[in-house]
Structures are given as structure tokens and as C-alpha cells.
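Throughout, numbering of the chain's residues begins at 1 and tracks the sequence. Read the numbers this way: they start at 1 and go in the same order the structure lists the ligands and their atoms.
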Amino acid sequence: MYICHTVAEIRKFVREARTRGQTVGFVPTMGYLHEGHLELMRQAKERCDVVVISIFVNPTQFGPQEDFARYPRDLERDVQMAGEVGVDAVFNPSVEEIYPAGYCTYVEVERITERLCGLSRPGHFRGVTTVVAKLFNIVAPDQAFFGQKDAQQVLVIKRMAADLNMDLEVVTVPTVREADGLAMSSRNVYLDAVQRQAALVLSRSLQAAAEAVAAGQRDVSTIRQLVVDMIKAEPLAEIDYVEIYSHPDLEPVVTLNGPALLALAVKIGRTRLIDNIILGVRDHVSNNV
Ligand SMILES: Nc1ncnc2c1ncn2[C@@H]1O[C@H](COP(=O)(O)OP(=O)(O)OP(=O)(O)O)[C@@H](O)[C@H]1O
Ligand SMILES: CC(C)(CO)[C@@H](O)C(=O)[O-]
Ligand code: BAL
């Protein structure tokens, strides 16, 4: 597996693959890989000849009070894991390589970033879209893979790619979960054993909402309240948001009559976790919890 740290090196790697007529799949990550990331890479491997991943903890998407400095990092372990699923190249740039002195260009998607994580993490999506646009320009992939766990993120990236005529396909990969339902996340490592148990309230409340919908409930505020009440009953959990919007447009919805995104962000101690499910009537109910 090829490991590199500069834009020039990864560009050369991709150019050579293209010269051989190979297609390129790309999985952007912030590292500290887990089974969720590996599933993105496996899907990329299935659909593309060559798979490139990036490992870059992007400072511009973290707020000043957030966990940029303490975000978990372990390049050696990541490289080992990526190699095991057949990744062909790892791009691991420094902050200076991506944002050299004098850097002052940002990409902003409006409207769908003005809710959910966009509201509770001001500037977050501006940082995400900026770095992803740069990575797309650097790697120039045919397909790029994102997880449904970050549901709003993948919608924002799809919007950006469409609006800016980016010549690639953005593929969404379902959320990978631990056996007990907790969505895999690099941030799960922050949880101690008691918090880890408390964190199950996220997936359990989503599952309860899906069951209510399956039993015929269509009133969005009732479904939302059910989730809020379940989370409030967990003493270690503090709600950041619990919201239901139409999917994929993220418009307000009063009565379920099509697919809707139930998304939540909950703090367990100092750790902010997110999770979501697509609720729908009949065919749209997702069992991915
Ligand atoms: N459990 C998961 N299932 C599927 N995809 C996932 C999962 N966790 C992360 N991803 C995806 O992996 C990509 C890289 O995410 P990232 O490196 O931020 O990992 P993360 O575990 O989501 O980290 P954190 O939760 O701490 O933000 C994103 O597209 C993200 O949606
Ligand atoms: C897409 C991404 C790699 C951009 O930094 C990040 O937001 C993530 O890991 O989901
Ligand atoms: N997985 C999204 C990256 C972040 O939380 O900053």
C-alpha cells in the first residue's frame, strides 16, 4: 500500500492509475478507523479498481471549544487496518499541506446546513465542504463514499457536488453498528464503561420511534416527544437536538407521508454522539438500527 503526505504525491499516484485505465474510489476520513470506515472502503473496493483514503483531522470543521486537539489519532494502526481491506493508497497530509500560509478560500452550502449539526456546530459544515471540495480536487475520484451515520453531512456533500458540477458520484453507505446497536464512531473511545451503556439510549430511542411508525403513528411531534422522553430518562444523557425533517430535502414535516430523517445529537458526559434513522411509511422504514 502506498502512503503519502503531499498533494503532488497522491496526484501522481492517481494519474498513474488513470493512465492504466483504472477507476478511482475515494474514502475521506479523520482516521482512528473502525468497522464503519472499513465498510466504506470495502464498498469502494467492490465498485472501483483503485481505492484511495485520506486521513486528515480537519481543523476548520471543529469549533474553538470542540475536541480537535484530543481527537484520537493512530496512523500506524489505521494503515494496518486499511491494508487489510485492500486500500491502495493512504493520503495523510499535514495541516500546512492543506491550509498553507495565506489560505483564504472556503466553500459554503446554504439552507440544508442551517439546521441539525449546522445549528449546534456553527461553521462546521463550512469546514467540511471546504476540505472535501479540496480533497475531491486533489484526488479527482470517480466515486466518493460517505456514511449514513453522518446523515446531514452526506446530504450536504451531495448538494455541493451537484451545485458545483463536480464530476463524481457520491455514494451513501448504511450505518455500521456494534452488536448492541451503538453506531460506531471514533468518539466512542471517549466513553467509560458506564457511559458506553448509557449511550445505547440513542439507538434504542430511534428503534422505538421506528416501531411507533410501524404501528401506525404518523404525527411527527408525538414521535419526536417519544424519543425526547426516552433520552431524558437516561441520567447521563443530555440532548443537543432531536429533530425530524423530510429526507433528503430536510424540510419541516408535520405528518409523516414519505421518508423523513429522525436525527439526534446527545451528549454523554463530555462526548457528543450523533445517530439517525430514516422513518417512513411502509417501504420506507429502515431497519438499520
Ligand atoms: N458507524 C458508521 N457507519 C458508517 N459510516 C461511518 C460510521 N462512522 C463513521 N462513518 C463514516 O466514515 C467517514 C469518516 O468519518 P469520521 O472519520 O468522522 O469517523 P467517525 O467515526 O464518524 O468520527 P466521529 O464520530 O468521531 O465524528 C464519514 O463518511 C462517516 O460518515
Ligand atoms: C468527511 C470528513 C473526512 C471531512 O473532514 C469528516 O467530516 C468525516 O470524517 O466525516
Ligand atoms: N464525522 C463528522 C466529523 C466531525 O464530527 O467533525
Side-chain angles (χ1 to χ4, degrees), residues 25-44 52-63 65-75 78 81-82 85 90-93 95 98-99 107 109 113 116-118 120-136 138-139 141 143-158 160-161 170-179 181-191 199 202-203 206 240 263 265-268 270-277 286 288-289:
F26 178 46
V27 181
T29 82
M30 301 205 303
Y32 212 73
L33 302 182
H34 51 64
E35 200 47 45
H37 298 114
L38 298 184
E39 185 55 27
L40 267 57
M41 294 167 203
R42 286 191 201 100
Q43 299 238 355
V52 175
I53 73 166
S54 60
I55 297 179
F56 179 62
V57 185
N58 173 37
T60 64
Q61 70 188 70
F62 287 79
Q65 309 304 326
E66 292 183 0
D67 57 343
F68 173 69
R70 73 179 185 120
Y71 196 84
R73 294 160 169 89
D74 189 341
L75 183 62
D78 288 349
M81 291 169 79
V85 292
V90 175
F91 176 48
N92 172 232
V95 171
I98 296 297
Y99 301 110
V107 177
V109 172
T113 56
L116 305 172
C117 285
S120 54
R121 301 183 67 186
H124 169 65
F125 283 117
R126 179 178 186 258
V128 169
T129 44
T130 298
V131 80
V132 172
K134 284 174 66 72
L135 290 167
F136 284 177
I138 293 165
V139 176
Q143 300 186 17
F145 297 78
F146 292 84
Q148 175 63 19
K149 196 213 60 171
D150 297 84
Q152 187 180 17
Q153 171 170 278
V154 72
L155 293 176
V156 169
I157 301 291
K158 282 185 173 172
M160 173 185 77
V170 176
V171 180
T172 309
V173 177
T175 303
V176 177
R177 298 178 180 281
E178 302 285 357
L182 181 68
M184 292 197 181
S185 163
S186 308
R187 289 188 170 99
N188 291 347
V189 73
Y190 297 147
L191 303 170
L202 280 85
S203 54
L206 294 175
D240 177 349
V266 175
K267 276 180 93 173
I268 306 286
R270 283 170 68 200
T271 305
R272 182 178 174 282
L273 300 175
I274 59 172
D275 201 350
N276 69 85
I277 187 173
S286 159
N288 190 230
V289 166

| L273, portion touching ligand 1 at heavy-atom distance under 4.0 Å | neither
| task | Please indicate whether any nitrogen or oxygen in V173 is less than 3.5 Å from any nitrogen or oxygen in ligand 1. | result | no
| field | Nearest neighbour of atom 9 (C) of ligand 1 from the list E39, E35, Q153, H34, on a heavy-atom basis | value | H34
| Is Y71 in contact with ligand 1, taking contact as a heavy-atom separation below 4.0 Å? | yes
| task | Check V156, I157, V107 against V128 for a side chain to side chain contact (heavy atoms under 4.5 Å, CB included) and give me the one that passes. | result | I157
| query | So which heavy atom in the protein is nearest atom 29 (O) of ligand 1, and how far is it from that ligand atom? | reply | G147 N, 3.0 Å
| task | Using distance alone, determine whether Q61 and ligand 2 share an N or O pair under 3.5 Å. | result | yes
| Nearest-0.5 Å distance, CD1 of residue I277 to OG1 of residue T175 | 9.5 Å
| Close-contact set for ligand 1 against F146 heavy atoms, below 4.0 Å | 29 (O)
| In terms of ring plane angle, is the pair Y99 and F56 parallel, tilted or perpendicular, where the classes change at 30° and 60°? | tilted
| remark: of all protein heavy atoms, closest to atom 3 (C) of ligand 3 is Q61 NE2, 3.2 Å
| Over all atoms of both residues, closest heavy-atom pair of L191 and A199 | CD1-CB, 4.0 Å
| Among protein heavy atoms, which lies nearest atom 9 (O) of ligand 2, and at what distance? | M30 CG, 3.3 Å
| note | of all protein heavy atoms, closest to atom 8 (C) of ligand 2 is Q153 NE2, 3.8 Å
| field | Which of the ligand 2 atoms, numbered from 1, are nearer than 4.0 Å to a heavy atom of P28 | value | 3 (C)
| task | Could you tell me the residue and atom name of the protein heavy atom closest to atom 3 (N) of ligand 1, and the distance to it rounded to 0.1 Å? | result | V176 N, 2.8 Å
| query | Going by the atom numbers of ligand 3, which of them fall below 4.0 Å from some non-hydrogen atom of M30? | reply | 3 (C), 4 (C), 6 (O)
| said: So for atom CZ, which belongs to R270, do other residues, nucleotides or ligands contribute more than 12 heavy atoms lying within a distance under 6.0 Å? | reply: no
| ligand 3 versus R187, non-hydrogen atoms closer than 4.0 Å: side chain, backbone, both, neither? | side chain
| query | Taking atom 19 (O) of ligand 1 as the point of reference, which of H37, M184, Q148 owns the nearest heavy atom? | reply | H37
| field | Evaluation steps, side chain to side chain contact (heavy atoms under 4.5 Å, CB included), between F62 and M30 | value | CA-CA 12 Å; F62 287 79; M30 301 205 303; 3.8 Å; yes
| request: Decide whether an N or O pair under 3.5 Å exists between F145 and ligand 1. | output: no
| query | Does any N or O in the side chain of N276 come within less than 3.5 Å of the main-chain N or O of K149, such that one atom is a donor and the other an acceptor? | reply | yes
| message | For a 4.5 angstrom cut-off between non-hydrogen side-chain atoms, does Y190 reach D67? | response | yes
| request: Look up atom NE2 in H37 and atom CE in M81, then write down how far apart they are to the nearest 0.5 Å. | output: 9.0 Å
| query | Looking only at N/O atoms, are T29 and ligand 2 under 3.5 Å apart anywhere? | reply | no
| note | In terms of its nearest heavy atom to atom 20 (P) of ligand 1, the top option of E178, R272, K149 is K149
| message | If I apply the N/O under 3.5 Å rule, does K149 come out as touching ligand 3? | response | no
| query | Quick one: are L273 and N188 in side-chain contact, heavy atoms under 4.5 Å? | reply | yes
| Which ligand 2 atoms does V131 reach within 4.0 Å, using its non-hydrogen atoms? | 4 (C), 5 (O)
| remark: Shortest non-hydrogen pair, I55 vs P93, comes out as O-CD, 3.7 Å
| Rounded to the nearest 0.5 Å, what separation is found between the CE atom of M184 and the CG atom of D275? | 12.5 Å
| What is the nearest protein non-hydrogen atom to atom 27 (O) of ligand 1, stated with its residue, atom name and distance? | R187 NH1, 2.7 Å
| Any idea which protein heavy atom is nearest atom 1 (N) of ligand 3, and the distance to it? | D150 OD2, 2.9 Å
| task | Please determine if D240 and R121 form a salt bridge, counting it only when a charged side-chain N lies under 4.0 Å from a carboxylate O. | result | no
| said: Tell me which one of S120, S185, C117 satisfies side chain to side chain contact (heavy atoms under 4.5 Å, CB included) with I274. | reply: C117
| field | Region of E66 that comes within reach of ligand 3 [heavy atoms, distance under 4.0 Å] | value | neither
| With no hydrogens and no angle check, is any side-chain donor or acceptor of D78 less than 3.5 Å from a backbone partner on Y32? | yes
| field | Distance filter under 4.0 Å to L40 heavy atoms, resulting ligand 1 atoms | value | 5 (N), 11 (C), 12 (O), 13 (C), 29 (O)
| note | Candidates P28, A183, P174; heavy atom nearest atom 4 (C) of ligand 1 found on P174
| Considering only heavy atoms from C-beta outward, does the side chain of V109 approach that of F125 to under 4.5 Å? | no
| request: Consider every N or O of S186 and every N or O of ligand 1, then say whether any pair is closer than 3.5 Å. | output: yes
| Which atoms from ligand 1 have a heavy atom of D150 less than 4.0 Å away? | 22 (O), 30 (C), 31 (O)
| query | Any idea which part of I157 is under 4.0 Å from ligand 2, heavy-atom wise: side chain, backbone, both or neither? | reply | neither
